[in-house]
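The structure appears below as C-alpha cells.
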Amino acid sequence: AAAETKIGMITTLSGGGAGLGVDVRDGFMLAIDQAGRDNVEVVIEDDQRKPESAVQIADRMIQSEKVDIMTGIIWSNLAMAVVPSATAQGVFYLSPNAGPSALAGKRCHENYFNVAWQNDNLHEAAGAYANDAELKNSYILAPNYPAGKDALTGYKRMYEGDLAGETYTKLGQTDYAAEIAQIRASGADSVYFFLPGGMGISFLKQYADSGVDLPVVGPAFSFDQGILQAVGGAALGIKNTSQWNKDLDTPANTAFVAAFEQKYDRLPSLYASQGYDTANLILSALDTADVSDKDAFRAALKAAKFDSVRGAFKFGNNHHPIQNIYVREVIQEGDVFTNKIIATGLENHADAYAADCKM
Amino acid sequence: MGRERLLNAGVILLLLMVPLWAWSADEPFLITLATKVAILALAGVGLNIALGIGGLVSLGHAAFFGIGGYAMGILAAHAQNYEPLMQWPMLVEGTNQMPLIWLVATASSALAALVIGALSLRTSGVYFIMITLAFGQMLYYFAISWSAYGGEDGLSIWVRNEFPGLNTLVPLQFFLICYVILCLALWFSARLAHAPFGLALAAARQCEARVETVGITPYKLRLTAFVISGAITGLAGALFADLNRFVSPTMLSWHTSGEIMIFVIIGGVGRLFGPVIGAALFILLEHFLGGISDYWQIYLGGLLLMIVLYARGGIIGAISGREVAHD
Amino acid sequence: MTDQMTQVLKVRNLSKSFGALQASKNISLDLKTGEIHALIGPNGAGKSTLIKQISGELCPDSGEVEVLGQDVSALDRVARAQLGLGRTFQISALAMEFTVLQNTVLGALGARGGVFRFFGNVMRDKALLQQAEHALKRVGLIDDAMRRTADLSHGQRRQLEVAVALTMAPKLFLMDEPMAGLGASGSKALTTFLDELRTEAPILLVEHDMDAVFALADRISVLVYGEVIATGTTDEIRNDPEVRRAYLGEEEAV
Amino acid sequence: MSLILILEQILNGLQFGVMLFLMAAGLTLVFGVMGLINLAHGALYMVGAFAAAIVAAWTGSFVLALAASLVAAAAAGALVELLVIRKLYDRDHLDQVLATFALILVFSEGTRWIFGSFPLFLDVPSYLSGPVTLPGGIQYPLYRLTIIAIGLVVATGLFWLIARTRIGIQIRAGESDREMIAALGVDISVLYTLVFALGAALAGLAGALVGAIQSVQVGMGEPVLILAFVVIVIGGIGSIKGAMVGALLVGLTDTLGGVFLPRLFGLFMEPASATSVGASLASMLIYILMAVILLVRPSGLYGGQS
Amino acid sequence: MSLLSLRDVTASYGPSQALFGVKLEISEGEVVALMGRNGMGKSTTIKTICGMLPASSGTLEFAGENLRGMASHRIARLGVGLVPEGRRCFAPLTVEENLIAAARPGPWDFAMVAELFPRLEERRDQTASSLSGGEQQMLAIGRALMINPRLLILDEATEGLAPVVRQEIWAAIARLKRDSGLSILVVDKTLRELAAVADRAVILNKGASVWSGTMTALTPELKDRYLGV
Ligand SMILES: Nc1ncnc2c1ncn2[C@@H]1O[C@H](COP(=O)(O)OP(=O)(O)OP(=O)(O)O)[C@@H](O)[C@H]1O
Ligand SMILES: Nc1ncnc2c1ncn2[C@@H]1O[C@H](COP(=O)(O)OP(=O)(O)OP(=O)(O)O)[C@@H](O)[C@H]1O
Ligand SMILES: [Mg+2]
Ligand SMILES: [Mg+2]
C-alpha cells in the first residue's frame with residue numbers, strides 16, 4: 001500500500017455560518033467514503049469563523065499532526081489568514097470555497113489550488129448575463145467589505161450598461177427598506193445584489209413584499225439549496241449565476257446528487273459539490289503520485305484528471321479553475337424550491353488576475 | 001490568604017512547566033496553546049486593573065487589543081514591503097523589531113484609552129459599559145472598511161517579528177517572551193493594587209463621594225487606570241497578532257471584549273490571578289470540548305453557567321474564599 | 001483685619017432653588033475660630049442643601065462662599081477639601097469593602113497628597129498609618145481597625161465618618177448630623193469629643209439632637225424654609241417663641 | 001432627490017425605529033426595571049422566531065405562529081428565570097453578563113442541534129403582504145405598517161403597566177431595594193419570574209414579527225441584542241418612553257445616514273470612494289450617535305439616575 | 001398570650017455570629033423597647049424577626065406561626081410592618097408610589113398617613129431620593145403603616161427628625177397604642193422619649209438579652225451598665 005496521506009480540514013462547523021462548512025465537509029467526506037481507501041486520513045476542525053482560530057488550528061495541523069494537504073476554509077478572510085503561511089510551509093492547500101483575488105494574482109503559490117472559483121467569477125458571469133438579457137440600467141449593491149467590493153467590481157468588469165445606483169450596505173444588515181426605496185426611485189431596469197447568507201434572505205423577502213418588480217440577478221450564494229427554502233416564493237424566477245447545478249446532465253453529477261441525497265437525506269448544495277470535487281481531485285492525484293513527492297503530486301493536481309461534477313474542469317496558470325459559469329433560474333419542484341440551468345453565462349472562463357500570477 | 005497565594009504560585013508555575021514539557025515531548029501545539037493563554041491572560045490583567053480595582057466595566061477593551069494588533073500589523077507590513085509608513089511631516093519606516101512594535105502598540109493604545117476614557121468616564125454604570133462598547137464598535141466598523149490594511153480580510157505578516165538575541169520562530173522562545181511579559185504585568189498590577197493609587201482607585205469604585213471629600217478627584221484616578229489598563233491590553237494585542245502573524249477586525253469586535261471580560265470573571269474579578277486562571281480554563285475548554293461534537297458550545301455554555309452559579313467570586317473565589325485579600 | 005482672621009468661613013447671600021422650591025433664600029452666616037456654630041431647623045428646611053453648597057457638591061444659584069478669606073465659589077469639592085474643608089455625611093459615605101483602617105488611611109492619603117504613586121505598599125506607610133490610627137483612637141474605633149466597614153453597626157460607621165474627617169486635619173468641619181444613629185452613650189462620648197475638637201478647627205454642626213446642640217453650640221442659627229430666621233446664643237434660641245413653634249416644640253424648651 | 005423619496009426614507013427610518021423598539025421592549029423591561037443585564041435576550045428573540053416558523057409550517061396560520069412565539073419564548077424565559085436568573089439578582093452585573101452569555105451558547109447551539117444550520121422559512125401572510133399606497137403616492141408594505149401598529153400598542157401597554165399599575169410600582173420598588181420590598185410583604189420572586197417571562201414573550205413576539213421579513217436562523221438575535229442595548233441606553237435605562245424615542249432616533253439615523261452620507265461625500269469625492277467612505281461612516285453612525293448623546297446626557301435622554 | 005415570641009435565638013452574618021441567645025416577648029397591644037449600645041444586635045434581632053437574616057437556632061413565633069425558615073414577604077403578610085434602620089425608601093419612586101407599593105387593605109391608607117405626616121402630602125409627586133432626611137423617615141413610617149400591620153417595628157425611626165416632628169411621632173405612636181391596639185417594637189436612643197410610650201424594655205448586650213422588665217424598673221445602675229447613660 002502507498003504511504004498514509006493526512007488531510008487537514010478547517011471549516012466552520014459551529015455558530016451562524018455553520019451550514020456552509022457542514023455542506024463542504026459532507027460533500028468532501030462522501031467522496032472519501034466512496035473511494036474506500038484506507039490510506040487517507042482526514043482530520044476535521046471547527047474554526048468558529050474566527051480567523052485567529054483558523055490560524056492556530058492550521059499551525060497545529062502542520063506542526064503536530066504533520067498533515068500533507070489542507071482544505072475546508074469557507075470565508076475569504078480566513079483563507080487570507082491561513083493559506084499563505086500554510087503553503088509557505090510546504091503544505092498543499094486546496095480551496096473548496098473561498099477565492100480571494102490576492103491569492104489568484106500576485107500572491108499565487110504553486111501549492112495553492114482553488115477548486116471552486118475565483119471570488120469575482122460568478123459576479124462577472126452575472127454582468128455578462130445582464131448584457132445578454134439587455135439590461136441597460138442596473139442598480140447594484142453589496143455589503144461594505146472586501147468581498148462585497150470584489151463582487152461589484154466583478155459585475156462591472158463584464159456589464160456594459162449604465163449604473164442607476166451603487167450602494168454598499170452594512171455588513172450583517174437585516175433591514176433593506178431604505179435601499180429598496182432608493183431602487184424604486186432610481187429608474188433602474190434591474191437589480192444586481194451580492195448579499196450572502198441571512199442578508200440575502202432578508203433582502204429578497206423585503207424586496208418581494210415592496211411591490212418593486214424589477215428583474216433581479218445575483219450570484220448563486222443567495223439562491224443555494226440550503227437557504228432557498230427559507231426565502232421561499234420570494235425567490236421564484238430570479239436568475240442567478242453558478243458553476244454548478246444539480247440538474248447538470250453529466251454522469252458524475254447524477255451519481256453525486258443521488259449518492260448525496262441517499263447518504264444525508266437532503267439535496268446537495270453548491271458547497272457540497274465543491275467539497276466533493278475537492279476530495280475527488282485529491283484522490284485522483286493520489287492515484288498517480290505520492291504526496292511525499294511534491295513535484296509529482298503538484299503536477300498530478302494541476303492535471304486535474306478527475307470527473308468533476310460540473311463537467312469540464314481545468315486549471316489556469318494560477319491554479320484557479322477555467323470553467324463554464326451557468327445562469328440558473330429559481331423554480332419550484334413540488335414544494336421544494338430549487339434551480340434550473342437556463343443558459344451559459346460565460347464559457348471556459350478564467351479569472352482576471354491570472355496575468356498577475358508569475359507561475 | 002495563604003491559599004490564594006499558593007494557588008497563584010501553582011498556576012504560574014504550571015503555565016511555565018507545560019510548555020517546557022511540551023518542548024521536550026515535541027508537542028509544539030501545546031506551546032502555542034500556552035502562549036495563547038499567556039497573551040490573553042495579559043489582556044485580562046490589563047482589563048482587571050480597570051474592572052477589578054476601579055470597577056470600570058469596559059466592554060470596549062477589544063479596541064485596545066485591536067489597536068495593539070494593528071500597530072504590529074501595520075508596522076510589520078510596511079517593513080515587509082519596504083514602503084515607509086509616512087513621509088510627511090517626517091519619514092516613518094515600518095519595523096519588524098518586537099520591542100519597537102511593543103512600544104508603538106502600548107503608546108497608541110494608551111493614547112486611544114486616553115481619548116476614549118476621557119469621554120466615557122463622564123458616564124457611569126451601565127452607560128459606561130455601553131459607551132465603551134460604542135467606541136469599540138466604531139473602530140470595528142472602521143477597520144472592516146479600511147481597505148488600505150485589508151479591511152475585513154485583515155493583514156497577514158508571513159513571518160513573526162524579531163526579538164534581539166532570540167529566534168521568535170521557535171515556539172518555546174516566543175512563549176518565554178510572552179510569559180516574562182505576563183509576569184511583569186502581574187507584578188506591576190500587584191504593586192499597583194497596594195500602592196496609594198490602588199487604594200484610592202478602589203475607594204472610588206466603592207464610594208465616589210468619600211474620595212472627593214478627602215480631596216482626590218475620582219475622574220483623574222479612573223482615567224489613569226483606564227489608560228494603564230488599555231496600554232497593557234494593547235501590548236497583549238500586539239503579541240497576539242504576532243502569535244498568529246495575522247491581524248483582523250475580529251480582534252476589535254465586541255466578542256473579543258466580551259471574551260476578555262469573561263476570562264476575568266471566570267477567574268475572579270479583582271483577583272490578581274483571575275485573568276490567568278480564567279484565560280487558561282476558557283481556552284482549555286474551548287480546545288478540548290471542540291473535539292467532542294459539533295455542538296460543543298452547549299457544553300461550554302453549561303460549564304460556564306455552573307461556574308457563575310456555584311463558584312462565587314470566580315474560580316479563585318471558590319477555592320480560596322470569597323473575600324478579596326486586605327493587607 | 002483680626003475679624004477677617006477669625007472668620008474661617010463666610011457665607012454671603014446664598015440662594016438655591018430646585019424648580020419651584022427655594023431651598024436656600026439669601027443665606028448669610030459665618031464661622032469663627034474655635035467655635036461650634038450649630039445649624040438647626042425643621043426637616044427639609046435646607047440644612048443639608050446649605051452644607052452641600054459650602055462643600056461644593058451643589059452649585060448655588062447666587063451668592064459666595066469664603067474660606068479663610070479666600071473666595072472658593074469657583075472651586076469644586078475636591079479643591080475645597082484640599083483647602084481644608086472636612087465633611088461628614090448625613091448618610092454614611094464610606095468604602096464598604098475596606099477595613100476601617102483602610103478608610104482612615106485613605107483620608108490621611110488625601111490630606112498628604114501623592115495619590116498617583118504606583119509602587120510602595122500604602123498600608124505599610126508609617127506616617128499615614130500613624131495618622132490613621134491616631135484618628136481611630138480618638139473616636140474609639142481602634143479596636144475595630146481591622147474589621148470590614150460593611151460589618152460595622154450603623155453607629156460605628158458614624159464614628160468612622162468622623163475619624164476619616166479627622167485624618168484630613170481640616171481647617172474647619174462641616175458635620176451633617178454626626179449624632180444620628182449613635183446610641184445615648186455614643187452621643188455622650190461624641191459630644192465630649194466635639195467639645196475638645198473645636199479648639200483644633202471650628203465646626204459648622206447640623207444636628208437634631210438638642211441635648212448635644214445645647215451642650216456644644218456657641219452660636220445657633222435656625223433655618224426654616226430656606227431662610228435663617230434667628231441667630232444667637234443657646235439661651236436666646238431656646239427662648240425664642242418663633243423657634244419653639246417651628247422647631248423645638250414645647251417639651252424641648254423646658 | 002425628490003421630496004417624496006425623502007419623505008419615504010423618513011418613514012422608513014421611523015418604521016425601522018418602531019421595529020427596533022419592538023426588539024428592545026422586552027430588554028428594557030428586564031434590564032431597566034429589574035436591573036438585570038440579559039445578554040440572552042437575543043436568544044429568546046430567536047426562540048420566538050423559530051417557534052413561529054415551526055407552527056406556521058404546521059398549521060399555515062400566521063396568527064397561531066405569533067401565539068406560539070409568545071408562548072414558547074415566555075416558557076423559555078420562565079424556565080431560565082427559575083433555573084438561573086433567580087440566583088443572579090443580588091449579584092453584580094458581571095456575573096449576569098457571564099451567565100447570560102453562557103445561556104446564549106446553550107440556546108444557539110441547542111437550536112442548531114435541533115433544527116440544523118440552515119435558515120427556516122417564515123413569511124408574511126398573504127393578507128398582510130404587498131404594498132399599499134399612502135397619501136402622497138408612497139407605496140408602502142402593509143406588513144411594515146402592521147409592525148408599526150403593533151409596536152405602538154406594545155409601547156403603550158408597557159408604559160401603562162410600569163408607570164400606572166401597582167405591579168409596575170412594585171417591580172420598580174424591587175429594583176431599588178429587593179430585600180425591603182419583600183420585607184413589606186410583596187412576593188418579589190414570583191413577580192420577577194412573571195416579568196422575566198413577559199420580557200421574554202415580547203422578545204419572542206419581536207422575533208416572529210421581524211423574522212417574517214428577515215431570515216430565521218441561528219444567531220439572528222445577536223445583532224438585535226447590540227442594537228437593542230444601544231436603543232435603551234440612548235433613551236435612558238428604565239424608561240419605556242426613552243426606549244421609544246431612542247429607537248426612533250436610531251432608526252432615523254441609521255436609515256438616513258445610509259442614504260445621505262454617500263451622497264454627501266459624493267459632493268467632494270469621486271463617486272466610487274464616496275459610496276464606500278460614506279457607507280463606512282454610516283455603519284459607525286449609530287455608535288457615534290450613542291456616544292454623543294451619552295456625552296451630553298450621561299444617563300441617556302430620559303434616564304433619571306445612573 | 002404573646003403576639004411575638006423569640007426564645008434563644010442565635011444568628012450569624014456568614015462566619016461571624018451576631019446573636020447569641022435573644023429572648024423577647026411582645027403581647028397584643030404592648031409597646032416594647034429594645035435597647036442596648038451600638039452594635040449590640042438590636043437591628044440584627046429585627047432582621048431575624050422579619051426573615052431578612054435566617055436564625056441559626058432558637059424559636060421565633062408570631063401569632064402562633066413559626067417564623068423560622070419563612071420567607072420575608074410571608075412574615076410581612078402575617079402583619080409585621082418594618083421601618084428599617086437607615087430608612088431604605090425606594091429612591092426612584094415618588095412618595096405616593098412608595099406608599100402604595102406594598103399597601104394592604106385596612107384602616108391605614110394614603111389619607112390617614114397624610115394626616116399623620118402632612119409633609120408627605122406636600123411632597124406627594126417628588127421622588128424619594130430628593131426628600132430631606134427627615135422626610136424620608138416619615139415616608140418609611142408611613143410605608144410600614146400602609147401594610148396595616150399588627151406589629152410595627154421601628155428601628156431608630158426618629159433618627160434625624162426635628163424635635164417637633166419627633167414629638168409628633170411619639171404622640172402618633174402613643175395614639176396608635178391607645179386607639180388601635182397595635183403592638184410595637186421600638187428601638188430608639190432617647191430614653192426619655194421611650195419611657196413615655198414603652199411598657200416594657202428588653203436590653204441586649206453583645207447579642208444576648210440580658211435584662212427585661214417594665215420601663216420603671218430600669219434602674220440608673222442598669223442604664224449605666226448597659227446603655228452608657
Ligand atoms: N435634588 C433635589 N431636587 C428637588 N428637591 C430637593 C433636592 N434636594 C433637596 N430638595 C428639597 O429641598 C428641601 C431641603 O432639603 P435638605 O436635604 O437640605 O433638608 P434638611 O434641612 O437637611 O432636612 P433634614 O433635617 O431632614 O435632613 C427638601 O424639601 C428637599 O425635599
Ligand atoms: N451586614 C453585616 N455583616 C456582618 N456583620 C454585621 C452586619 N451588620 C451588623 N453586623 C455586626 O453585628 C453586630 C450587631 O449589629 P446590629 O446592627 O444588630 O447592632 P445594633 O444594636 O443595631 O447597633 P446600632 O445601634 O449601632 O444600630 C455588630 O457587631 C455589627 O458589627
Ligand atoms: Mg439633612
Ligand atoms: Mg441598629
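A, B, ... follow the sequence lines: proteins, then strands. Residue 1 opens every chain. Quick caveat: nothing in here was measured; it's all calculated off a predicted structure.
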Drop me the distance from [X]'s [atom1] to [Y]'s [atom2], to the nearest 0.5 angstrom.
X      : Y      : atom1 : atom2 : result
C:R148 : E:S16  : CZ    : OG    : 9.5 Å
E:R166 : C:M210 : CZ    : CE    : 7.5 Å
C:D211 : E:R192 : CG    : CZ    : 5.0 Å
C:Q159 : E:N38  : CD    : CG    : 6.5 Å

Q: Verify, without hydrogens or angle tests, whether C:N43 (side chain) and E:E135 (backbone) share a donor-acceptor contact under 3.5 angstrom.
A: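 No.
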Are there more than 12 heavy atoms of other residues, nucleotides or ligands under 6.0 Å from atom [atom1] of [X]?
X      : atom1 : result
C:F193 : CZ    : yes
C:K25  : NZ    : yes
E:E115 : CD    : no

Q. If every non-hydrogen atom of C:G41 is compared with every non-hydrogen atom of E:A162, which pair is closest and at what distance?
A.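 So the two residues come closest at O-CB, 4.4 Å.
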Measure [X] against the heavy atoms of chain E and call it side chain, backbone, both or neither at under 4.5 Å.
X      : answer
C:L21  : side chain
C:A246 : backbone
C:S187 : side chain

**Q.** Top contributor to chain C interface from E:L161, E:V187, E:L227 [non-hydrogen pairs under 4.5 Å]
**A.**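 With the most close heavy-atom pairs to chain C, the winner is E:L161.
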Determine whether [X] and [Y] make a side-chain contact, defined as any pair of heavy atoms from C-beta on separated by less than 4.5 Å.
X      : Y      : value
E:S130 : C:F18  : no
E:K189 : C:D209 : yes
C:L248 : E:V164 : no

